[in-house]
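These notes concern the structure reproduced below.
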Protein chains: 2
Amino acid sequence: MSDHTILLKQSNLKATFQRINILENVEIHGHISIDEIYKQIIKTHPSLSLATVYKNIILMVEKGLLIEVPIAGEKSKYELKKENHIHLICTKCTKVEDKPHTKEIDELFKDMSQVESFELSKQQINLYGVCAKCR
Amino acid sequence: MSDHTILLKQSNLKATFQRINILENVEIHGHISIDEIYKQIIKTHPSLSLATVYKNIILMVEKGLLIEVPIAGEKSKYELKKENHIHLICTKCTKVEDKPHTKEIDELFKDMSQVESFELSKQQINLYGVCAKCR
DNA sequence: ATCCTTGCAAATGATTTGCAAGAGT
DNA sequence: ACTCTTGCAAATCATTTGCAAGGAT
């Protein structure tokens, strides 16, 4: 039983090939938009419906399997839930790269939230610029 | 001549009342979505068209007067261009509050970009949670 | 066998466009 | 006067919904 199948079962979602394919694509690409996922999957499963992708992304975000990464000037991308990290977003090729989130940054944000009596639940750090390849 | 009029002229945009109203609303609210801007302005200028708001937001973002703040699970909001800062986003009431961006954070991100040969142009830090009022 | 999930097509909602009339400089 | 901007309506694009048929457990 694959990792993705287990993830789905743990969230009370049946392990359909549509769902497994969505998770696989997110894993492979790291960060991917809904219509990119659709375009990828129909290569091998042409009967897939775009509506199915939408419905499942919404479900998986609700269940916490996926995280929405909203990006200025683009459509949101989705990633697997994972440790806090920083997004380097290239404004030329639109690729997103992850960088580890240092302990200091984590502490800073937690302290800042504490001071504001803000009940912190999620951190999203986006750095926009031009990546090494595109320069 | 108002601040907003000057800002517009500096960007080679004619100072129409529609544009001045958009900038005023963004300033007053701090962070506001396109349809909220529209709803605000038609209270006093019912003839305003939503398409005009869209066209102008796009123009003002291109000119750098406004910054798009994309938010997970919501429509983007817009803010006036200003110093780097952190967004505390309340997932209950959807209000966005600004916190100053410390020198350390700035340095950390600049250093990280340097290491990656990433040409950093914009930083966006969103902390999601529940604000003091909503708790 | 049961209940959940899918694909389709239609409905809704958001954003963009073209163009004649109107406003800013 | 000249050019840019507006409002409108239509067009396009994105997302959601309802429902009968199919698939997972």
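Order of the sequence lines fixes the chain letters, A, B, ..., with proteins taken first and strands second; residue numbering starts at 1 for each chain. Computation of the quantities below employed the complete heavy-atom set of this structure, encompassing side-chain atoms and omitting hydrogens, waters and symmetry-equivalent molecules.
In the displayed structure, Glu74(A) atom CD is contacted under 6.0 Å by more than 12 heavy atoms of other residues, nucleotides or ligands. Enclosure of atom NZ in Lys122(A) by more than 12 non-hydrogen atoms of other residues, nucleotides or ligands within 6.0 angstrom is indicated. For CG of Asp3(B), the number of neighbouring non-hydrogen atoms (other residues, nucleotides, ligands) closer than 6.0 Å is 12 at most.
At dT6(D), one or more side-chain N or O atoms of Asn56(B) fall inside 4.0 Å of OP1 or OP2 (strictly under the cut-off).
Connection of Ile89(A) to Leu120(B) is not established within any shared hydrophobic cluster, with ILVMFWY side chains joined at heavy-atom distances below 4.5 Å, either directly or through further cluster members. Grouping the Ile, Leu, Val, Met, Phe, Trp and Tyr side chains by contacts below 4.5 angstrom, directly or via other members, places Leu108(A) apart from Tyr128(B).
Across the protein-nucleic acid pair, Tyr38(B) atom OH and dG13(C) atom P stand 16 Å apart, rounded to whole Å. Distance, His45(A) NE2 to dT6(C) P: 13 Å, rounded to whole Å. For the pair Met60(A) CE and dT5(C) P, the interatomic distance rounds to 10 Å; values are reported in whole Å.
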Could you run down nucleotides 12-25 of chain D 5' to 3' and tag each one B, S or - for protein heavy-atom contact under 4.0 Å? --SSBBB----BBS
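By the 4.5 Å heavy-atom criterion applied to side chains, Gln18(A) and Leu48(A) are counted as neighbours.
When each of Leu7(A), Ile67(A), Val26(A), Ile22(A) is paired with Met60(A), the side chain to side chain contact (heavy atoms under 4.5 Å, CB included) condition holds for Ile22(A) and for no other.
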Check residues 93-103 of chain A and write down every donor-acceptor pair under 3.5 Å in which the side-chain atom is one partner and the other belongs to a residue at least two apart or another chain.
{"unit_1": "Asp98(A)", "atom_1": "OD1", "unit_2": "His31(A)", "atom_2": "NE2", "d": "2.9"}
{"unit_1": "Asp98(A)", "atom_1": "OD2", "unit_2": "Lys82(A)", "atom_2": "NZ", "d": "2.8"}
{"unit_1": "Lys99(A)", "atom_1": "NZ", "unit_2": "Glu116(B)", "atom_2": "OE2", "d": "3.1"}
{"unit_1": "His101(A)", "atom_1": "ND1", "unit_2": "His85(A)", "atom_2": "N", "d": "3.4"}
{"unit_1": "His101(A)", "atom_1": "NE2", "unit_2": "Asp106(A)", "atom_2": "OD1", "d": "3.4"}
{"unit_1": "His101(A)", "atom_1": "NE2", "unit_2": "Gln123(A)", "atom_2": "OE1", "d": "3.1"}
{"unit_1": "Thr102(A)", "atom_1": "OG1", "unit_2": "Ile105(A)", "atom_2": "N", "d": "3.3"}

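Applying the side chain to side chain donor-acceptor pair (under 3.5 Å) definition to pairs two or more places apart or across chains, those involving residues 46-63 of chain A are Arg19(A)-Asn56(A). Within the structure, every pair that satisfies the side chain to side chain donor-acceptor pair (under 3.5 Å) test and touches residues 5-14 of chain A, not counting sequence neighbours, is listed here: Ser2(A)-Thr5(A).
For residues 18-28 of chain B, proximity to DNA chain D is found at Gln18(B), Arg19(B), defined as any non-hydrogen atom under 4.0 angstrom from a strand atom.
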Strand DNA chain D as a dot-bracket string - pairs counted if Watson-Crick or G-U with both distances under 3.5 Å, | where the partner lies in another strand: |||||||||||||||||||||||||
